[in-house]
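Take a look at the structure below.
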Amino acid sequence: MKKLIRGGTIVTASDCYVGEVLIEGEKVAAIGEQLDEEHAEIIDASGCYIFPGGIDPHTHLDMPFGGTVTADDFETGTRAAAFGGTTSIIDFCLTTKGNTLASAIQTWHKKAKGKACIDYGFHLMVSEASDEVLQELGAVVEKEGISSLKVFLAYKNVLQVDDETLFKTLVKAEQLGALVQVHAENGDVIDYLTKKALAEGKSEPIYHALTRPPEAEGEATGRAIALTALANAQLYVVHVSCAEAVKRIAEAREKGWKIYGETCPQYLVLDISSLDQPNFEGAKYVWSPPLREKWHQEVLWSALRSGILQTVGSDQCSFNFNGQKELGRGDFTKIPNGGPMIEDRFSLLYSEGVAKGRLSLNQFVDVISTKAAKLFGLFPKKGTIVVGSDADLVIFNPHAKRTISKKSHHMNVDYNAFEGMEVKGDIISVLSRGKYVIKEKEFVGQAGAGQFLKRRAFRQP
Ligand code: URP
Ligand code: ZN
Ligand code: ZN
């Protein structure tokens with residue numbers, strides 16, 4: 001069955017025009033005006049934008065972390081993502097020292113298969129740079145289609161790696177054409193500061209932020225960048241939260257180095273004051289890096305506008321307040337780090353970005369979809385609307401409004417960090433490879449319909 005979307009305004013990272021989109025099977029078959037298709041199902045998009053489906057390059061679904069497991073798995077997480085206009089995610093596959101990369105990848109495939117409602121790919125964490133692991137990375141990039149490798153410079157004694165591991169990973173990535181991703185915070189400094197705070201009886205959630213200062217992020221960002229340049233490799237800094245990190249990325253890009261950066265809605269919209277609430281409420285706002293002082297927000301918006309930062313990921317990593325975040329009552333270091341964001345990423349960026357005049361429509365599409373497709377080897381199959389691309393489409397009503405709430409969200413979690421916030425614009429229908437996943441705000445997709453995305457090696461966008 002063909003589908004013809006009529007009456008809408010097509011928006012890509014480069015264009016904005018009134019036009020019709022004809023879908024045949026899984027693909028965009030034609031774009032034009034007054035397309036004559038007798039047998040097509042007509043979808044009326046009058047007054048709406050037609051966006052390429054969102055690509056969320058940073059999710060943690062069904063992931064063990066902080067002594068518990070994320071509340072959303074591949075079924076609930078991708079269903080919520082679809083409600084929120086996202087049609088592809090790239091999730092982080094964790095590895096453990098002493099085990100093969102192949103076994104970790106198999107574990108992640110099992111988590112996703114039969115559950116994902118939208119398409120998904122994996123990034124692979126590197127926890128050690130032994131000869132065996134470095135050897136195995138070739139197959140990961142070339143055969144498994146996993147062309148991005150993640151290292152953590154924080155979470156000491158859990159996920160953190162040393163500079164030797166980071167550097168060996170960068171050297172290998174340069175040979176293989178893999179994009180190295182870094183969680184850039186200085187874990188050793190943070191370890192010292194957290195122990196000191198606890199010894200001084202400072203145990204409330206706010207101390208999570210106060211023991212992870214922006215300088216610790218700036219330093220780690222600068223160090224990772226310097227080692228990347230030395231290896232002539234390519235680096236993507238995840239969840240950039242502050243001016244100190246933006247400055248390092250800007251300087252490196254100015255020199256022509258292959259350095260890229262992502263921020264997240266929480267850093268663009270929330271600030272450190274959220275952590276300073278009574279009744280342990282601040283635990284809902286514990287992310288690493290932490291929320292910063294408000295003035296950092298405009299630095300991040302400006303960096304998105306100017307292209308210093310290229311993408312916005314959700315860093316979806318949801319934990320219930322009851323029973324999970326509560327693990328850290330009396331000791332902020334035991335609060336599982338992360339929050340639910342997969343569903344509201346797209347809406348928040350439109351409302352706080354486009355509707356408030358901080359981003360143009362084209363910039364919005366670029367940061368929410370296109371740049372992620374380009375950086376992670378999916379373009380132009382994903383991330384745009386052209387003949388031949390996957391028909392991953394969002395029909396979006398910019399005139400509607402909605403209020404974010406845990407009562408109406410679809411994430412499997414008992415709070416929403418943006419509870420009560422009104423956002424401009426609403427996602428009406430979402431198609432993934434030509435099939436409705438969301439139709440007139442109702443879920444009509446299917447668990448298991450999402451396909452694994454084998455991604456090509458890194459190319460400079
Ligand atoms: O607090 C966060 N960001 N949780 C998820 C894990 C990570 O560091 O990305
Ligand atoms: Zn991280
Ligand atoms: Zn993350």
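Counting convention: from 1, in listed order, for ligands and their atoms alike. Keep in mind that what you see is a predicted model, and the values were worked out from it rather than measured.
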Rounded to 10 degrees, the angle NE2 of His60 makes with NE2 of His58 at the Zn ion (ligand 3): 110°
Within reach of ligand 1, part of Asn337 (heavy-atom separation under 4.0 Å): both
Phe92 ring center near His58 ring center (under 6.0 Å): yes
Any residue meeting side chain to side chain donor-acceptor pair (under 3.5 Å) with Lys111, in chain and number order, not counting sequence neighbours: none
Atom indices of ligand 1, in the order listed, that fall short of 4.0 Å to a heavy atom of His183: 8 (O)
Contact (N/O only, under 3.5 Å) between Ser288 and ligand 1: yes
Proximity of Tyr267 and His296 rings by center, below 6.0 Å: no
Asp72 and Arg79 ion-paired at < 4.0 Å: no
N/O/S from Cys317 sitting under 2.8 Å away from the Zn ion (ligand 3): no
Protein heavy atom at shortest distance from atom 3 (N) of ligand 1: Asp315 OD2, 2.6 Å
Aromatic contact, Tyr155 with His183 (centres under 6.0 Å): yes
Side chain, backbone, both or neither: the part of Tyr155 lying under 4.0 Å from ligand 1 by heavy atom: side chain
Side-chain donor-acceptor contact under 3.5 Å, Ser241 with Glu217: yes
Between Thr194 and Tyr207, a side-chain donor and acceptor under 3.5 Å: no
Geometric cation-pi criterion Lys284 and Phe321, 6.0 Å radius, 45° cone: yes
Pair Asp119, Ser88: side-chain N/O donor-acceptor within cut-off below 3.5 Å: no
Residue-atom pairs from the protein, N, O or S only, that lie under 2.8 Å from the Zn ion (ligand 2): His183 ND1, His239 NE2
